Amino acid sequence: MNYDHQEIERRWQDRWEADGLYRSVVDWDRPKHYALTMLPYPSGDLHMGHWYAMTPSDARARFMRMKGFNVLFPMGFDAFGLPAENAAVQRNVHPANWTWDNIDRMRRQLRSMGAMYDWDREAVSCDPEYYTWTEWLFRRFFEGGIAYRGEAIVNWSPTLQTVLANEQVIDGKDERTGQPVIQRKMEQWFFAITNYADELLSFDGIDWPEPVKAMQTNWIGRSEGAEVVFAMETGDEIPVFTTRPDTLWGATFMVLAPEHPLVDALTTEEHRVAVDDYRVAAASRSELERMEADREKTGVFTGSYAINPVNGERIQVWIADYVLLSYGSGAIMAVPAHDQRDFEFARQFELPVVPVIRPTGADRFDGNTMAEAYIGPGTMVGSGPIDGVETTDAKGRANPSVAAAIDWISAQGSGEEAINYRMRDWLISRQRYWGAPIPMVFRADGTIEAAPELPVLLPDAPAFTGGPSPLTTDERFLLTTDSDGEPARRESDTMDTFMCSSWYHYRYLSPHFGTAPFDPEEAAYWLPVDTYTGGAEHATMHLLYTRFFTKAMRDLGVFDDTARLMRDHGRDPKSAFDEPMTQSRNQGQILGEERPGDRLVVAGEWIDGRFVAESVRVDDHAAADAAPVVGELIRRTERTLQVQTADAMVTVEVPENAEVEVPGIDGINDVTQLRHYLEVQRMSKSKGNTVNPDELVERYGADTVRLYLMFAFDWEKGGPWDSRGIAGARRFIEDVWKIGSTAYEPGRISDDASLALRRSAHQTIIKVDRDMEAFKWNTAIAALMTLRNDLLDARRTATVSLEAWNETVDLLLVLLAPIAPHVTEEIWSQSGNAESIHLQAWPESDPEIAADQTVTLVVQVNGKVRERIDVAPDIDEEAAIAAAMASERIQEWLAKGEVRKVIARPPNLVNLVIN
RNA sequence: GCCCGGGUGGCGGAAUCGGUAGACGCGGCGGUCUUAAACACCGCUGUCCUUCGGGGCGUGGGGGUUCAAGUCCCUCCCCGGGCACCA
């Protein structure tokens, strides 16, 4: 019988759905496992990246289920957001219709994966049933003091007509559209995520990828130091944060951010024009220009002076755009001798440079002649009470001079130890329509209160023009009443969609629950999420927000009922709500396939019929006569390129020292970079290198596509797509089909052969189990392929018993079931099994069968392998050495010198050291 | 500049503890089948030398520790990602 993947896959998907095979029900008698994959945005079509993220996590969930866990594996859609509004503008379709149509299509595509999603748990964030509770959580955050309204200089996108979070602005441009973002002061809603900075820095008790932890730690950006107060001659006081309070005696001027609120008051009449001009210029300068590397320092003097609190020196107060209002207090003490930025500024404007650190074993610097700031270790000098104290490269109190300085200024009252964070509070207001409304009302008396009734539903909007949100002008929506029944006006902003995705794993538990965000009965059993998988691109936004969200919900008592129920069921709720997900893993990214078509310009000379390059340039517009060889790249191996010129196919060899010029990479490149450029391209429609999973599924079947994605890459790394490799995956699936669906007829049976096959099967269990546990799909599949090879050999020789054959085939099917759920189910069912293969228990390896009968003893002479001998696994040291010495080949080596030392690691290795 | 991750055959990638480098697959080469091609099947496939027994070299470069290094240490180079005038 032929393997008809289309018929088999369709039939089993229908059958599983009809049988409710993947419905998850709370069962306190069984251990639970909550497996979660980042939910997709309903952009319209599932692409290869979705398959790459979702099918391995499905395999993992299936594996856990077979291991005996009661597994919850839900799916949903992160359905609010700007693309729906853009579609509305461009195609005159309502965002809701566009979104729901896309969801319908993607749901169908998701089903074609054959994943074990529990669709009864589906949650869609734009559904009123969902966003009612997003609003409810906002209100709870407001009441608990975590949500607050504040004025801030914000990132305003004129293109999108909305404010963006810092995380959404890259190089002064909106990360989505690439359009510039300007700075503007506005009243906005914030979440006090900084209250949780220290707790978010701790990853105790959770198993998350190191890079994610590092990125979050960087993002939070904790710095230890001191806050020091500088008195102004005007009577104002300005605190500054510094990580180097020990260098206070070298602070020779002060710099404020141009936007600093005290600038006006500090500016003297004489300098007002210059200061105002500078501030206007700074405001109009884009973030991008402001951050340009190596830009010359600019700034102006305010005319005012401050008093250095440690030595009473009168120092000038300047403003400059290298000081950012958003970090620390927006003001710095400048220590030009020991900070490179301050040094450059001081040299630019001829301000004094006073060194206070003497490098160990060197003369003291001369502030007038030093060429750059000194930031190394040494001894404090010219620093009054801390003179002579050692300074090291250590940070914070671990540096003796910093500790001494903090102690002294604290005692003296001019400052205190302080910690500063780079992370700001989370700005969640968005001036858009397609989001969860912020459920607040502005009362007639100017106060603000939470909307007395929830939900606040999005009104129908007549038309979308791309201008300001329709909510800002819709009176049916805006006009309301406050809790006293008085006329009031609604907040017209909606929430950042990251808010919706910060708690979706709780809504999955009970998507239709009507009295709380989630049913505590479900939560008490399922929480927290045990395994979370998704893309590393969410390391600092989604993954940080969702951790914060859970901690805030915990502190506001949202989990109180859940904790009580946990106790009732005998489960300790302690630290159950400190983190949303106990384990997290990131998959890599699937890149586009290496493509031919790049136009190469090659100079060099002909040697023995090959063209050896001196220089290679990738240039899509080069004229044909620009060099000896100009043409289209057809194929590439390590160092040879097949180039189709106007009249011939030329083999170009690119030596190591050839000059290579690749667009987008500055300077002279090398072969590696050329290779990289030609190979690694993101899949994108504009590059024409996308691979459509629907077509592949139709042609090869979902099982083959799943297996290929899990086999051909290191899952956490990803890589370029290779359309040739999928044939091998298909071959494997077809082999399994043949093995499982064709009767085996034993010939002359050998007990040794039967045992060898069973041993192979039982060793495979160990490998697959270990690898699936660790998300190592590629090596798990490699082990299954080896077992396939053993079965094919066994059929050829026909020397294994029918029992051994059947046992091995069953093991192969069960171990493969999480990866290729359809074909294994079909063969299983054909073999007369009534119960689904996906309900079978994960097999356990029998140690007696798995044990090797012989092992290879490696014999080395001076560390080099010279002989391999089959020995019993329990061979002792003496016998191993004897066996090694007895070898003829080893005898020859031993004749060359005297044995000085023997290292034996039975049963694997004997190393003979001779001279 | 700072912080992560990485560099292994023509390619994707294996290699629990420092102990047989290159599992598994793709590709390639040779063969069988076929009028032919595709498919399928069998064999070979790191590289150089070889008297065909085997030997030299080999995990980005250089150095070190060790009986033994892809693995540990130092140093440099390159690639990917993140952050970046962060005081």
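Order of the sequence lines sets the chain letters (A, B, ...), proteins ahead of strands, with each chain counted from 1. In this text the structure is predicted, and so the values were computed from the model without any measurement.
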**Q** Checking all strands, does A:Arg731 fall into the base, sugar-phosphate, or nothing category for heavy-atom contacts under 4.0 angstrom?
**A** sugar-phosphate
**Q** Looking at every non-hydrogen atom in both residues, tell me the closest pair between A:Thr742 and A:Arg795 and how far apart they are.
**A** O-NH2, 3.3 Å
**Q** Students often get this wrong, so: under 4.0 angstrom with heavy atoms, is A:Ser223 touching a base, only sugar-phosphate, or nothing?
**A** sugar-phosphate
**Q** Using a heavy-atom cut-off of under 4.0 Å over every strand shown, decide if A:Asn789 touches base, sugar-phosphate, or nothing.
**A** sugar-phosphate
**Q** For the side chain of A:Leu324, starting at C-beta, report the closest nucleotide among B:G82, B:U20, B:C85.
**A** B:C85
**Q** Once you apply a heavy-atom cut-off of 4.0 Å, does A:Asp714 come out as touching a base, just sugar-phosphate, or nothing?
**A** sugar-phosphate
**Q** Using a 4.0 Å heavy-atom cut-off, does A:Gly728 contact any base of the nucleic acid, only the sugar-phosphate backbone, or nothing at all?
**A** sugar-phosphate
**Q** Quick check: do A:Tyr3 and A:Arg730 have side-chain heavy atoms less than 4.5 Å from each other?
**A** yes
**Q** Determine whether A:Pro336 and A:Thr252 make a side-chain contact, defined as any pair of heavy atoms from C-beta on separated by less than 4.5 Å.
**A** yes
**Q** Quick one: does A:Arg724 reach the base of B:G27 with a side-chain donor-acceptor pair under 3.5 Å?
**A** no
**Q** Expressed in angstrom and rounded to an integer, what is the separation of A:Gln216 atom CD from B:G82 atom P?
**A** 15 Å
**Q** Would you name the heavy atoms of A:Gly330 and A:Val323 that are closest together and state the gap between them?
**A** O-CG1, 3.6 Å
**Q** Nearest to the side chain of A:Asn778, heavy atoms from C-beta on, is which of B:G27, B:C67, B:A14?
**A** B:A14
**Q** Remember a base hit wins even if backbone is also touched, and classify A:Arg222 as base, sugar-phosphate or nothing at under 4.0 Å, heavy atoms.
**A** nothing
**Q** Counting the atoms with a prime plus P, OP1 and OP2 as sugar-phosphate, which does A:Lys717 contact under 4.0 Å by heavy atoms, base, sugar-phosphate, or nothing?
**A** sugar-phosphate
**Q** Parallel, tilted or perpendicular: which fits the ring planes of A:Phe345 and A:Tyr322, with parallel below 30° and perpendicular above 60°?
**A** tilted
**Q** Please state how far atom CD1 in A:Ile332 lies from atom C1' in B:C86, giving the value in whole angstrom units.
**A** 11 Å
**Q** Examine B:C67: is either OP1 or OP2 under 4.0 Å from a nitrogen or oxygen in the side chain of A:Arg905? Give yes or no.
**A** no
**Q** From CD1 of A:Ile590 over to P of B:G13, roughly how many Å is that when rounded to an integer?
**A** 10 Å
**Q** Please state how far atom CZ in A:Phe345 lies from atom C1' in B:A87, giving the value in whole angstrom units.
**A** 14 Å
**Q** What are the two closest non-hydrogen atoms of A:Arg706 and A:Ala59, and how far apart are they?
**A** NH2-N, 4.1 Å
**Q** Should the pair A:Tyr374 and A:His338 be assigned to parallel (<30°), tilted (30 to 60°) or perpendicular (>60°) ring geometry?
**A** perpendicular
**Q** Checking all strands, does A:Gly299 fall into the base, sugar-phosphate, or nothing category for heavy-atom contacts under 4.0 angstrom?
**A** nothing
**Q** A:Ile739 CD1 to B:C41 P: how many Å, rounded?
**A** 11 Å
**Q** Look at all strands and tell whether A:Arg796 reaches a base, only sugar-phosphate, or nothing, counting heavy atoms closer than 4.0 Å.
**A** sugar-phosphate
**Q** From C-beta outward on A:Asn911, which listed nucleotide comes closest to its side chain: B:A68, B:G25, B:A87?
**A** B:A68
**Q** Rounded to whole Å, how long is the line connecting atom NZ of A:Lys738 with atom P of B:C39?
**A** 14 Å
**Q** Reckon A:Glu344 touches a base, only the sugar-phosphate, or nothing at all at heavy-atom distances under 4.0 Å?
**A** nothing
**Q** Show me the protein contacts with nucleotides 49-54 of chain B, counting only N or O atoms at under 3.5 Å.
**A**
| unit_1 | atom_1 | unit_2 | atom_2 | d |
| --- | --- | --- | --- | --- |
| B:G54 | OP1 | A:Arg889 | NH2 | 3.1 |

**Q** Can you see if the side chain of A:Arg422 gets near the phosphate of B:A87 - specifically, an N or O under 4.0 Å from OP1 or OP2?
**A** no
**Q** Expressed in whole Å, how much space separates the P atoms belonging to B:U50 and B:A37?
**A** 35 Å
**Q** Hey, is the side chain of A:Lys213 pairing donor to acceptor with the base of B:C4 inside 3.5 Å?
**A** no
**Q** Taking the six-membered ring for Trp and the full ring for Phe, Tyr or His, determine whether the centres of A:Phe253 and A:Trp318 are under 6.0 Å apart.
**A** no
**Q** I'd like to know if A:Arg222 and A:Glu224 make a salt bridge, using a cut-off of under 4.0 Å between side-chain N and carboxylate O.
**A** yes
